[in-house]
Amino acid sequence: QVQLVESGGGLVQAGGSLRLSCAASGRAFSDYVMGWFRQAPGKEREFVASISPSAINTYYTNSVKGRFFISRGNAKNTVYLQMNSLKPEDTAVYYCAAGTSMYGGPNQYDYWGQGTQVTVSS
């Protein structure tokens with residue numbers, strides 16, 4: 001079992017930045033691919049970014065490339081999502097997840113946090 005707890009969400013104006021954190025406990029954090037997903041009201045949960053267990057490889061959905069950056073600190077059992085140049089369409093509940101594939105959808109992830117709300121005002 002892996003327990004995940006997100007933090008760092010909030011309200012920010014368009015063009016601003018936020019840094020999300022996800023703290024993990026339980027089984028070996030460094031064994032897992034870590035991902036960030038988001039879900040806006042009335043929409044399906046969508047992939048945002050993922051990072052390999054070694055942190056060498058990262059992958060992003062096209063809409064956030066160049067604006068969002070995922071990183072991890074295996075010694076601290078934490079994964080981060082730095083979000084810059086935020087847009088109103090980035091408004092969603094953001095979830096971190098632990099899984100086995102960097103390129104799969106939500107069903108490739110076994111453990112999920114409770115989510116943190118990000119709201120971007122125009």
Side-chain angles (χ1 to χ4, degrees):
Q1 288 282 348
V2 176
Q3 292 79 41
L4 302 171
V5 179
E6 302 97 336
S7 61
L11 174 64
V12 63
Q13 288 188 332
S17 298
L18 282 175
R19 188 193 195 204
L20 305 184
S21 299
C22 174
S25 60
R27 292 187 63 187
F29 171 78
S30 59
D31 289 346
Y32 289 94
V33 168
M34 296 300 297
W36 286 96
F37 289 76
R38 64 186 180 187
Q39 188 167 18
K43 294 188 177 181
E44 293 187 352
R45 190 168 298 189
E46 67 169 349
F47 169 82
V48 176
S50 60
I51 187 166
S52 62
S54 64
I56 292 176
N57 297 308
T58 58
Y59 181 60
Y60 299 91
T61 192
N62 285 339
S63 62
V64 308
K65 282 182 181 177
R67 300 189 298 122
F68 290 13
F69 300 94
I70 188 171
S71 61
R72 68 190 293 164
N74 285 344
K76 294 185 177 181
N77 284 4
T78 305
V79 62
Y80 307 95
L81 185 68
Q82 177 67 42
M83 306 187 294
N84 301 325
S85 301
L86 282 160
K87 305 175 180 180
E89 51 263 43
D90 294 319
T91 295
V93 177
Y94 283 71
Y95 300 88
C96 73
T100 57
S101 173
M102 290 185 61
Y103 309 108
N107 60 356
Q108 298 293 324
Y109 290 79
D110 301 311
Y111 303 102
W112 293 83
Q114 81 290 348
T116 185
Q117 176 70 47
V118 172
T119 303
V120 185
S121 63
S122 57

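A quick note: this is a predicted structure, and the numbers were derived from the prediction, not measured.
S52 contributes atom OG, which lies 7.0 Å from atom CZ of R72 (distance to the nearest 0.5 angstrom). Separation of atoms CD (E89) and OG (S63) is listed at 8.5 Å; rounding is to 0.5 Å. Interatomic distance, Q117 CD to L11 CG, rounded to the nearest 0.5 Å: 9.5 Å. A distance of 9.5 Å separates OG in S21 from CG in L81, rounded to the nearest 0.5 Å. In this structure, CD in Q13 is found 5.0 Å from OG in S121, a value given to the nearest 0.5 Å.
T58 pairs by the side chain to side chain contact (heavy atoms under 4.5 Å, CB included) definition with I51, Y60, I70, not counting sequence neighbours. Residues meeting the salt bridge (charged side-chain N to carboxylate O under 4.0 Å, His left out) test with E46, sequence neighbours left out: R38. Legend: residues meeting side chain to side chain contact (heavy atoms under 4.5 Å, CB included) with R19, ordered by chain and number and at least two apart, are Y80, Q82.
Using a 4.5 Å heavy-atom cutoff, the side chains of M83 and L20 are in contact. The shortest distance between side-chain heavy atoms of N74 and F29 falls below 4.5 Å. Residues P53 and D31 have side chains not in contact (no heavy-atom distance under 4.5 Å, counting atoms from C-beta outward). Residues E6 and Y94 are not in side-chain contact: their nearest non-hydrogen atoms beyond the backbone lie 4.5 Å or more apart.
The two residues T91 and A40 make their nearest non-hydrogen contact at O-CB, 3.7 Å. The shortest non-hydrogen separation linking S50 to V33 is CB-CG1, 4.3 Å. Contact between A14 and S122 at its shortest, heavy atoms only, is CB-CA, 4.4 Å. Taking every heavy atom of both residues into account, S17 and N84 meet most closely at OG-OD1, 3.0 Å.
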Counting only pairs under 3.5 Å, give me each side-chain donor-acceptor contact of residues 102-113, with atom names and distances, residues two or more places apart or in other chains.
residue: Y109; atom: OH; partner: S101; partner atom: O; Å: 3.1
residue: W112; atom: NE1; partner: Y109; partner atom: O; Å: 3.4

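Note: the hydrophobic cluster containing F69 also contains V48 (ILVMFWY, side chain heavy atoms under 4.5 Å, direct or indirect links). Y95 and V2 fall into different hydrophobic clusters, where Ile, Leu, Val, Met, Phe, Trp and Tyr are joined by side-chain heavy atoms under 4.5 Å apart, directly or via other members. Hydrophobic clustering (ILVMFWY, side-chain heavy atoms < 4.5 Å, transitive): F37 and V120 are in distinct clusters. In terms of hydrophobic clustering, with Ile, Leu, Val, Met, Phe, Trp and Tyr side chains grouped at heavy-atom distances under 4.5 Å, L4 and Y32 are assigned to a common cluster.
Through direct or relayed side-chain contacts under 4.5 Å between Ile, Leu, Val, Met, Phe, Trp and Tyr, V5 connects to no other residue.
Side chain of T78 to main chain of A23: no donor-acceptor pair is present (N/O by atom type, distance under 3.5 Å, no hydrogens or angles).
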- Chi angles and distances behind the side chain to side chain contact (heavy atoms under 4.5 Å, CB included) call for W36, V79: CA-CA 9 Å; W36 286 96; V79 62; 3.9 Å; yes
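Within the structure, salt bridge (charged side-chain N to carboxylate O under 4.0 Å, His left out) contacts touching residues 55-71 (residues at least two apart or in different chains) are R67-D90.
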